[in-house]
Amino acid sequence: MSSHVTIQFPTARLRRLRQSPALRRLVSETQLNAHQLILPLFVRAGKKLRRPIAAMPDVFQLSPDEALKEATGAYQAGVPAVLLFGIPETKNSKASGAYAKNGIVQQAVRLLKRELPELIIITDVCLCEYMSHGHCGIVSEGIGGARILNDPTLKLLSLTAASHVEAGAHIVAPSDMMDGRVRAIREHLDQRGFVDTPIMSYAAKYASAFYGPFREAAESTPRFGDRRSYQMDPANALEALREVRLDIQEGADIVIVKPALAYLDILYRIKAEFGHPTAAYAVSGEYSMIKAAAKNGWIDERGVMLESHLAMRRAGADLVITYAAKAIATWLREARS
Ligand code: PBG
């Protein structure tokens, strides 16, 4: 049929047009923008401390003053938001460092808020970095081994979220995967008058080997067992839809899919099903793979970073949490000038 020909020509014409960057942008369906990126930062006690993380080149454990420098640099490059993780000086079985008024995250939030009032401060709400055993909830040692106690954990997560907001956090991001934690945190925040603080929930969080380098960065490797009793099985997609539905019903304002690149189908389905503000978390292992291959000269770092993050946007992510946020923002700016 001759209609074949008339369909093909316009497509080819548009493709040739894309050789000019401005014309390519004019007709592109998806854009990667600096203003949709969130930079995770690891904060620990000290002054002028920048401790490299071996498996994550260009990522550091930072003292609050250094975190401020890092956030300022990213902000100036066009990244509007940070996601804070804390590494406490001591850990215990109640994770008390997570909700201490003067805990490390709370201190960092106050400093960032004071010195960089335009920056959007998001805090990771979890207990694993603060627990002596490294699990995300309270552990009960019983017959048949250790168990995570879901409901008692909710109280500690709520205290943690409220203490972050009291310090000045704009958004809280619970990453623990306990059942009912979004509702518990929402009610606790509302009771304290923080009715306008959004919850960005790690709604579809898989038990993933891609978190390996993070556990070194946050010093949160479980001492025993693994997180498979509370994080999701990579084999399951419908389960992710159920988790997201529950989190939205409980009051999640933004839902996160994590990891990102190996779970683009999940991202796509969640966005299509719920149309809710959705974030992709390009996790530590994804970052490390690209950095390692690039260091060997096997792939082009800039090209692969930009392409993979664009793919997350194309799959449905409104926001992207990524360790490469500042680099991406800088590359995007260069490409435009
Ligand atoms: C804490 C938490 C983890 C990540 C974010 N929050 C680790 C985990 O669940 O083991 C992973 C982030 C990354 O790998 O970059 N619960």
Side-chain angles (χ1 to χ4, degrees), residues 37-43 53-61 82-88 91 95 97-98 104-105 122-131 133-139 148 150 153-154 156-157 160-161 164 171-179 181-182 185 199-234 243 247 254-263 279-292 305 308-309 312 319-325:
L37 302 178
I38 299 169
L39 175 70
L41 293 176
F42 301 102
V43 204
I53 297 155
M56 300 178 74
D58 305 325
V59 179
F60 302 85
Q61 292 182 347
V82 294
L83 172 62
L84 298 183
F85 293 91
I87 300 130
K91 302 174 190 253
I104 184 64
V105 166
I122 309 171
T123 55
D124 185 88
V125 174
C126 197
L127 306 177
C128 56
E129 298 104 305
Y130 306 87
M131 285 287 195
H133 45 63
H135 278 288
C136 301
I138 298 172
V139 167
I148 308 289
N150 189 91
T153 300
L154 301 182
L156 302 189
L157 292 167
T160 304
H164 292 172
I171 303 177
V172 289
S175 70
D176 53 282
M177 289 300 277
M178 298 299 126
D179 288 335
R181 91 268 203 223
V182 174
I185 292 172
I199 297 178
M200 176 161 123
S201 109
Y202 290 71
K205 179 171 174 182
Y206 284 89
S208 170
F210 285 101
Y211 306 152
F214 172 93
R215 292 180 186 170
E216 177 203 330
E219 301 182 6
S220 69
T221 309
R223 293 286 152 86
F224 54 84
D226 55 45
R227 302 207 204 289
R228 272 180 283 188
S229 73
Y230 43 99
Q231 297 182 353
M232 290 182 354
D233 182 345
E243 285 282 1
D247 277 17
I254 302 170
V255 292
I256 305 177
V257 176
K258 178 181 169 194
L261 213 46
Y263 296 83
Y281 194 146
V283 302
S284 55
E286 302 180 47
Y287 175 84
S288 302
M289 288 197 304
I290 297 175
K291 294 295 268 189
M305 283 291 187
S308 53
H309 287 75
M312 293 164 206
L319 319 168
V320 183
I321 305 167
T322 174
Y323 301 98

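Remember, it's 1-based here, ligands and their atoms both numbered in the order they're listed. Predicted model only: the values in this text are computed from it and were never measured.
Panel note: side chain Asn150, backbone Asp179; a donor-acceptor pair is recorded below 3.5 Å. A distance-only check finds a donor-acceptor pair linking the side chain of Glu216 to the backbone of Ala54 [under 3.5 Å]. Although no hydrogens or angles enter the test, the distance criterion places no donor-acceptor pair under 3.5 Å between the side chain of Thr123 and the main chain of Leu84. Gln61 contributes no side-chain N or O that, together with a main-chain N or O of Ala218, makes up a donor-acceptor pair within less than 3.5 Å.
For atom 15 (O) of ligand 1, the closest heavy atom belonging to the protein is Tyr323 OH, 2.6 Å. For atom 3 (C) of ligand 1, the closest non-hydrogen atom on the protein side is Phe214 CE2, 3.2 Å. Protein heavy atom nearest atom 14 (O) of ligand 1, with residue, atom name and distance: Ser284 OG, 2.7 Å. Looking only at heavy atoms of the protein, atom 4 (C) of ligand 1 is closest to Lys258 NZ, 2.6 Å. Atom 2 (C) of ligand 1 has Lys205 NZ, 3.4 Å as its closest protein atom, hydrogens excluded (heavy atom only).
Counting heavy atoms under 4.0 Å from ligand 1, residue Asp176 does not touch it at all. Within the 4.0 Å heavy-atom criterion, the part of Cys136 lying near ligand 1 is the side chain and not the backbone. The part of Cys128 lying near ligand 1 is the side chain, judged by heavy-atom distances below 4.0 Å. Only side-chain heavy atoms of Cys126 come within less than 4.0 Å of ligand 1; its backbone N, CA, C and O stay farther off.
With sequence neighbours left out, the ring pair (Phe, Tyr, Trp, His ring centres under 6.0 Å) criterion links Tyr206 to Tyr263. Under the ring pair (Phe, Tyr, Trp, His ring centres under 6.0 Å) criterion, Phe210 pairs with no residue at all, not counting sequence neighbours.
Remark: distances from the non-hydrogen atoms of Phe85 to ligand 1 include one below 4.0 Å. Heavy-atom separations between Glu286 and ligand 1 are all 4.0 Å or longer. Using a non-hydrogen distance threshold of 4.0 Å, Gln231 registers as a contact of ligand 1.
Across every non-hydrogen atom of Ile104 and Gly86, the tightest pair is CG2-CA, 3.8 Å.
Under the 30°/60° scheme for interplanar angles, the aromatic rings of Tyr202 and Tyr281 are found to be tilted.
No N or O atom of Tyr202 sits closer than 3.5 Å to an N or O atom of ligand 1. Checked by distance only, ligand 1 and Glu129 stay at 3.5 Å or farther apart across all their nitrogen or oxygen atoms.
One distance of note links OG of Ser201 with CD1 of Ile254; it measures 10.0 Å at 0.5 Å rounding. Expressed to the nearest 0.5 Å, how far OG of Ser175 lies from CG of Leu157 amounts to 8.5 Å.
Close approach of ligand 1 to Asp124 (heavy-atom distance below 4.0 Å) involves ligand atoms 6 (N). Residue Arg215 approaches ligand 1 through these ligand atoms, each under 4.0 Å from one of its heavy atoms: 8 (C), 9 (O), 10 (O). Heavy-atom contacts of Ser175 reach the following atoms of ligand 1: 1 (C), 2 (C), 6 (N), 16 (N) (cutoff under 4.0 Å).
In this structure, the side chains of Phe85 and Cys126 stay at 4.5 Å or more apart for every pair of heavy atoms.
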